[in-house]
Structure formats: C-alpha cells, structure tokens
There are 2 protein chains.
Amino acid sequence: MNDVFKALSDPTRREVLRLLKSGPRSAGDLADAFPVSRPTMSAHFNVLRGAGLVSTEKVGKSVIYHLNVSVLEEALLGFAGAFGLGAGVPPVSPSE
Amino acid sequence: MNDVFKALSDPTRREVLRLLKSGPRSAGDLADAFPVSRPTMSAHFNVLRGAGLVSTEKVGKSVIYHLNVSVLEEALLGFAGAFGLGAGVPPVSPSE
DNA sequence: ACATCACTTAGATGATTAGCTAAATGTCTT
DNA sequence: AAGACATTTAGCTAATCATCTAAGTGATGT
C-alpha cells in the first residue's frame, strides 16, 4: 500500500491513471499525452505496475495498459476510511 | 493538491495523520511515537503543514498539531471521485 | 539572570527519483 | 532476412528527500 501512495505522489502518474479510466491504452498512446520522453514514461509505467495499479497485455507490437481500479479503491478508500471519510468501513466510533 | 499527495507518500507522515485523528497532540508527543530524531520529525511536520494537512497552535513551551480533515477529504475523495469511487461527485456516466 | 525544556533551523550526507540519450529487444511486414 | 515500428533497458545526471548532529529560539521556573 505504501507503493500505491508512492506511485500516486507524482502528477504524471496520477494523470496516466485518469487517462486509463476511460479505457485501456497503448504505451505509446499514453506517452503521447505527456511532454516527456518515452523512456521516462516507461519508467512511470513500471512504478504504476509495481504498485499493482495497472496491468499490461501485449498485443502485437503494442503493450496495452489497463487500470486496476480495485487496487486504487482499496488503498484510497481504505486510508480515507480510517478517518471516517467517504464510504469506507466506519472506524471506531468517536464516542468510544 | 500535489502537495497533499506528496505528503501522503511517506508512511511516517501518514501515521502522524492517523495519530492526529484521535485529537491534537504536541510535537514531542508525536515524535515519541516514531524511531527517528526530533529534527527529522520536525521536517515531516513541515511537509504536512505545507500541504495544509495540519495546523499548529503554540501553547506555552509546546506546539500542538491539529489535523485538518477537510483538506485530506478534499484531496482524497476528490481524486477518488474522479474514478467513480467512494462518495465523490459521480463523473461522466459510463454509458455516455 | 540562568538553567532547562520544547521545538525548530542549519548544514551535511547517502539514497532515491525523474529526466535524458543511446542501445537493445521483440514483433510485424515485405 | 532485412527493415520498420513499439517499447523497454542501460547508463548517466541533476534534483529532491529522509536522516543525522549541532546549534539556535523562545517560553518557563528557580
């Protein structure tokens, strides 16, 4: 879960996730949306994959990236839930 | 908002927030809960304050840290909401 | 006034990170 | 087999980061 927050700490990576929200995309397609080199984007993809936030599928010459919403949900809402935020499992009630 | 995610990327800082959830605490009191030096903790506090996640109040010799839940909520649920997670404002419906 | 306590700032160090170019890998097409 | 294409790996650099010790600041108590 630390890996997830580490991955989310970079704006480029958060934006990649947002792009992936609308559906799977190839590495090159994703890379075109950012003003950095492809190798740099590849490194970002590695971080996202390491955190389990995306999965890959090889199709011909391309590598297709898929968003793993469940991992994002578990980390984000899990943490938020500990603060009584969102729809997470309610923590210890304040009066206890 | 980038500052918030940057702040959340460190486990020590996330734990500080969790400790603060039960109520305000002094810097030293918080520092005692971690195996690092006070100056290091002070640096972590600075990051949290810079992100707006905590506020300080000086009481005598002590500095009391307060959690700013609203900032955490806005960043966390705002981002999660963009993915249709949690109780955030629903994004574009999937069928559109 | 002086010592003490609580905390922060200064300054240094080693590790990690995001970025680059160049080269390697793997897949398709001809 | 050769070339083109998509992506990753290798190797480098500059910047940022977490950590430390030592010194500074500011409030309290004697």
Side-chain angles (χ1 to χ4, degrees), chain A residues 1-20 22-68 72 75 79, chain B residues 1-20 22-68 72 75 79:
Chain A
M1 187 192 100
N2 190 29
D3 288 338
V4 173
F5 277 98
K6 270 280 182 7
L8 292 179
S9 72
D10 185 278
T12 295
R13 289 192 291 262
R14 287 198 302 276
E15 184 62 24
V16 167
L17 294 180
R18 249 190 302 261
L19 289 179
L20 250 23
S22 349
R25 290 240 224 168
S26 76
D29 197 6
L30 283 169
D32 286 341
F34 298 86
V36 300
S37 74
R38 268 138 205 277
T40 294
M41 287 308 290
S42 201
H44 281 307
F45 298 152
N46 270 335
V47 173
L48 290 170
R49 188 145 34 79
L53 286 164
V54 301
S55 327
T56 53
E57 173 200 2
K58 190 146 196 180
V59 176
K61 286 186 280 195
S62 298
V63 174
I64 310 295
Y65 281 85
H66 297 257
L67 175 63
N68 287 164
L72 188 63
F79 183 72
Chain B
M1 188 192 100
N2 190 29
D3 288 338
V4 173
F5 278 98
K6 270 280 182 2
L8 293 178
S9 72
D10 185 277
T12 296
R13 289 191 291 262
R14 286 197 304 275
E15 184 62 25
V16 166
L17 295 180
R18 250 189 303 259
L19 288 179
L20 250 23
S22 347
R25 289 241 224 169
S26 75
D29 197 7
L30 283 169
D32 285 342
F34 298 86
V36 301
S37 73
R38 268 138 205 275
T40 294
M41 287 308 291
S42 203
H44 282 306
F45 297 153
N46 271 335
V47 174
L48 290 170
R49 188 145 34 80
L53 286 164
V54 300
S55 328
T56 52
E57 173 200 0
K58 190 147 195 179
V59 176
K61 285 186 282 196
S62 298
V63 173
I64 310 297
Y65 281 85
H66 297 257
L67 175 64
N68 288 164
L72 187 63
F79 183 72

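So that the names make sense, note that chain A is the first sequence line, chain B the second, and so on, each numbered from 1.
Considering only side-chain atoms of B/S62, the nucleotide from C/dT8, C/dG19, C/dA6 that sits closest is C/dA6. Minimum atom distance to the side chain of B/S37 is reached by D/dT21, of the listed D/dT19, D/dT21, C/dC20. With distances taken from any side-chain atom of A/A27 to the nucleotides C/dC7, D/dT19, D/dT8, the minimum falls on D/dT8. Counting only heavy atoms from C-beta on, A/P39 has its side chain closest to C/dT21 among C/dT21, C/dG19, D/dC17. Among D/dA18, C/dC20, D/dC17, the nucleotide with an atom closest to any side-chain atom of B/D10 is D/dA18. Among the nucleotides D/dA18, C/dA18, C/dC20, the one closest to the side chain of B/R13 is D/dA18.
Note on B/R49: nothing from the nucleic acid sits closer than 4.0 angstrom, heavy atoms only. Using a 4.0 Å heavy-atom distance criterion, B/T12 is classed as making no nucleic acid contact. At the heavy-atom level, B/Y65 lies under 4.0 Å from the strands shown only through sugar-phosphate atoms.
One can place CZ of A/R38 at 15 Å from P of C/dG19, the figure rounded to the nearest angstrom. When the P atom of D/dT16 is taken as reference, atom CZ of B/F5 falls 21 Å away, rounded to whole Å. B/M41 places its CE atom 18 Å from the C1' atom of D/dT21, with the value rounded to the nearest Å. In this structure, NZ of A/K61 is placed 7 Å from C1' of C/dT27, rounded to the nearest angstrom. In this structure, B/N46 atom CG and C/dA10 atom C1' are separated by 13 Å, rounded to whole Å. The distance between atom CG of B/L30 and atom C1' of C/dA6, rounded to the nearest whole Å, is 13 Å. In this structure, CD1 of B/I64 is placed 15 Å from P of D/dA27, rounded to the nearest angstrom. Whole-Å rounding puts the A/E57 CD to D/dT7 C1' distance at 15 Å.
For D/dC17, neither phosphate oxygen OP1 nor OP2 lies less than 4.0 angstrom from any side-chain nitrogen or oxygen of B/H44. For the OP1/OP2 pair of D/dT8 and a distance below 4.0 Å, the side-chain nitrogens and oxygens of A/S42 include at least one atom meeting the criterion. Proximity of B/S26 to the phosphate of C/dA6: no side-chain N or O atom is located under 4.0 Å from OP1 or OP2. The phosphate of C/dC20 (OP1 or OP2) has a side-chain N or O of A/T40 nearer than 4.0 angstrom.
Each of A/G60 and B/V63 has a nearest nucleotide on DNA chain C; the 5'-most of these lies closest to B/V63.
Rounding to the nearest 0.5 Å gives a distance of 7.5 Å between OG of B/S26 and CG of B/D32.
Taking 4.5 Å as the limit, every side-chain heavy atom of A/V47 sits out of range of all side-chain heavy atoms of A/L53. By the 4.5 Å heavy-atom criterion applied to side chains, B/F79 and B/V4 are not counted as neighbours.
Closest heavy-atom contact between A/H66 and A/I64: CD2-O, 3.7 Å.
Applying the ring-ring contact (aromatic ring centres under 6.0 Å, His included) test to B/F45 and every residue at least two apart in sequence or in another chain returns B/Y65.
Applying the salt bridge (charged side-chain N to carboxylate O under 4.0 Å, His left out) rule to pairs touching residues 1-17 of chain A yields A/E15-A/R18, sequence neighbours excluded.
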